[in-house]
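Throughout, protein chains are lettered first and strands after them, A, B, ... in sequence-line order, and every chain is numbered starting at 1.
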Amino acid sequence: MGKRIVIDPITRIEGHLRIDCEVDGGKVTDAWASGTMWRGVEQILLGRDPRDAWAITQRFCGVCTTVHAIASVRAVENALGMAVPKNAQYIRNLMIAAHAIHDEIVHFYHLSALDWVDVTSALKADPKATAALAESLSPWPHNGVAVQAATKARLETLVGSGQLGIFANGYWGHPAMKLPPEVNLLAVTHYLQALDVQRKANKIVSILGSKTPHIQNVAVGGVSNPIALDSQSVLTLERLLAVKALIDELAQFINEVYVVDVAAVAAFYPEWTTIGRGVTNYLAAPDFPLDERGTEFVTSGGYLPGGDLTKVQRITKFGDALLKDNVAESVKHAWYQGGKGPLHPYQGETIAEYTDHQPAGKYSFVKSPTFAGQPAQVGPLARVLVAAAVGDEAIVKHLTRVLGIVEAVAKIKVPLDGLHSTIGRHAARAVMCARNVEILAGQYDLLMANIAKGDHHTFEKPVFPSGEVSGFGFHEAPRGMLSHWVVIAGGVIKNYQAVVPTTWNAAPRNEADQLGPYESSLLGTPLADPERPLEVLRTIHSFDPCLACAVHLIDPARRDIVSVRAL
Amino acid sequence: MDPARIVVLGVGNLIMGDEGLGVRCVERLEAAGALPAGVTVIDGGTSTHELLGDLEDLDLLVIVDAVAGEVPGALVRLEGDRIPAALSNKLSPHQHGINDLLANLRLLGRSPRRVVVHGVTPAVIALGLELSSAVEAAMPALAAAVVAEVVEAVGA
């Protein structure tokens with residue numbers, strides 16, 4: 001045919017993220033985060049049946065399917081003042097814990113490790129020395145010489161074929177790459193192993209959710225699949241036993257590989273515990289409800305102003321007034337019609353008003369959310385710091401272990417303050433992953449014990465009043481606190497707003513012109529080579545952005561230096 | 001060919017109009033029972049890594065998707081060398097798309113033996129759950145092309 005055909009990039013997700021940085025003297029001096037695509041997905045929900053919202057919201061984004069389904073049913077249940085059967089809470093908890101583990105492993109190994117790991121350097125590694133190093137760090141049985149040699153041979157074949165594939169666009173040989181060849185080879189070995197391990201987490205989601213990537217086993221009022229121990233078509237004992245085996249396999253990889261690797265990377269890049277600090281107001285919601293009305297949770301929620309552990313304000317239940325009353329979104333710097341000041345999500349409007357990229361004016365389709373008028377960072381680091389503030393030893397013990405490995409390998413002392421950093425966000429994610437797999441096992445035991453008691457109840461039918469009701473649901477998604485806010489009138493959706501984690505972290509300047517977390521975290525970042533701004537990517541990726549990321553650098557004279565794409 | 005080693009994968013975003021045509025196509029194929037018994041049908045949405053386990057060591061992977069072109073509603077079939085280049089332009093979460101998934105399968109030594117893309121050129125990519133009339137009109141032909149591809153492979 002001779003015609004050029006392209007499968008278009010089009011809008012599979014919310015859109016690109018664009019970062020503009022001003023660079024002076026080899027450091028970032030100012031930054032702007034911009035979401036470049038209109039995010040008006042909520043409009044599609046207006047006038048619809050609230051019982052259908054979860055199925056539509058889980059199509060918001062490709063990587064965050066399950067989390068939107070969960071936040072959506074919780075919002076509608078909150079509006080209706082519903083109780084949800086315990087079995088349904090446990091099954092949902094299992095799905096969200098497994099989803100989080102999947103996301104955490106994939107984020108580290110497949111979406112961000114190559115910011116730190118130089119694949120071409122791995123070709124220079126000695127497999128024997130690599131195995132010796134690995135075995136000094138971990139009891140993981142798949143670190144031997146033969147495994148490392150096989151990884152090296154695979155890489156050599158790949159490079160020899162001239163098709164680097166997934167590794168084609170890395171910053172190889174960049175001066176900011178500092179791992180020795182053996183650590184690089186070990187990381188590539190674990191990259192490959194993690195491809196297999198992530199399948200196990202996803203398998204749990206698909207067994208319990210009936211289907212992935214888009215779960216089916218959820219409903220306003222509980223979960224849709226009945227529990228029957230003698231039927232093939234529903235959740236059976238056989239399927240539940242398969243879940244248990246997968247949990248044990250995940251736990252071994254997370255504790256013996258993922259946690260160790262993150263600590264080792266941190267040990268070789270200690271300066272990154274002082275880079276990427278950004279906004280230190282942290283916000284996390286409690287999660288993994290243990291009772292029908294969501295008053296008791298496994299993990300803690302709260303707001304931590306200025307990162308001060310002594311000033312934590314607790315968020316303790318579904319519908320918590322502290323959260324409900326303190327969230328507002330500003331569109332002063334976002335491409336929406338405004339002029340009304342920051343609006344609470346129940347009053348939120350999403351009417352586009354595009355102006356072009358104006359650094360002093362409007363420059364993003366992401367709104368700027370605030371808590372009590374302040375920008376806030378959400379994500380695993382917020383979760384871990386809130387846990388430390390409230391004395392949640394189950395999380396703190398993993399943090400202590402990670403810091404211990406860093407200190408043993410690097411022979412340095414890492415203060416708690418070092419967590420407010422790019423590497424701190426990776427460490428916190430690994431800590432939460434280690435905790436999540438324990439929660440997964442715990443929820444499994446609770447579910448089995450409850451079924452054994454003869455309770456097979458999984459669903460409560462929702463009843464919609466004729467008048468107007470409103471509610472919100474939250475979920476600590478892998479990237480941070482996600483909240484859905486719904487107003488229901490006469491049984492149909494009157495308003496719907498999703499305040500997603502990336503909205504908090506990628507926020508543009510707010511009503512008071514304060515920088516958002518991404519923007520603020522980039523200030524002072526050193527750049528070894530502004531043509532290849534690897535350091536900017538490291539910090540942005542540490543937030544696990546839920547947007548494709550385009551990085552755009554400008555010099556102080558505001559001339560374009562370079563336009564690069566983040567991978 | 002063993003039908004158990006054939007996957008028909010619909011990809012795209014259902015809430016972006018014609019962008020979701022691949023998913024709509026496989027939903028309809030599944031509802032109609034139009035494919036030979038044993039063939040796996042997957043609604044991949046916009047996911048990537050979640051799909052890895054389902055796509056290992058296949059004899060045939062048929063990807064159904066929106067394919068850019070000049071004439072909305074036109075049917076497109078791609079095979080071989082033209083696929084990686086075409087798929088590499090995909091925007092997907094973290095810019096990791098189906099192409100990266102295929103690259104990871106290659107790295108693991110578990111690539112599908114054959115990959116074929118069937119698609120339709122979209123007319124309207126905008127917020128909405130419906131397909132445009134131009135694409136809707138092409139959907140029966142797209143379904144027939146996918147079925148023919150699979151039936152031929154099973155018989156081969």
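- Between A/R154 and B/L108, the closest heavy-atom pair is NH1-C, 3.5 Å.
- In terms of heavy-atom pairs under 4.5 Å with chain B, the best-connected choice from A/D196, A/V106, A/L192, A/L195 is A/L195.
- Using a 4.5 Å cut-off on side-chain heavy atoms (C-beta onward), B/L14 and A/Q58 make no contact.
- With contacts defined as side-chain heavy-atom distances shorter than 4.5 Å, the pair A/H102/B/H49 qualifies.
- Atom CD of B/E152 sits in a sparse spot, with 12 or fewer heavy atoms from other residues, nucleotides or ligands closer than 6.0 Å.
- Note that the CG atom of B/D54 and the CG atom of A/N202 stand 8.0 Å from one another [nearest 0.5 Å].
- With sequence neighbours excluded, the residues satisfying side chain to side chain contact (heavy atoms under 4.5 Å, CB included) with A/A477 are A/V67, A/H475, A/L482, A/P501.
- Residues A/R199 and B/E56 are paired through a salt bridge, judged by an N-O separation under 4.0 Å between the basic side chain and the carboxylate.
- Taken from CD in B/E50 to NZ in A/K203, the straight-line distance is 14.5 Å, to the nearest 0.5 Å.
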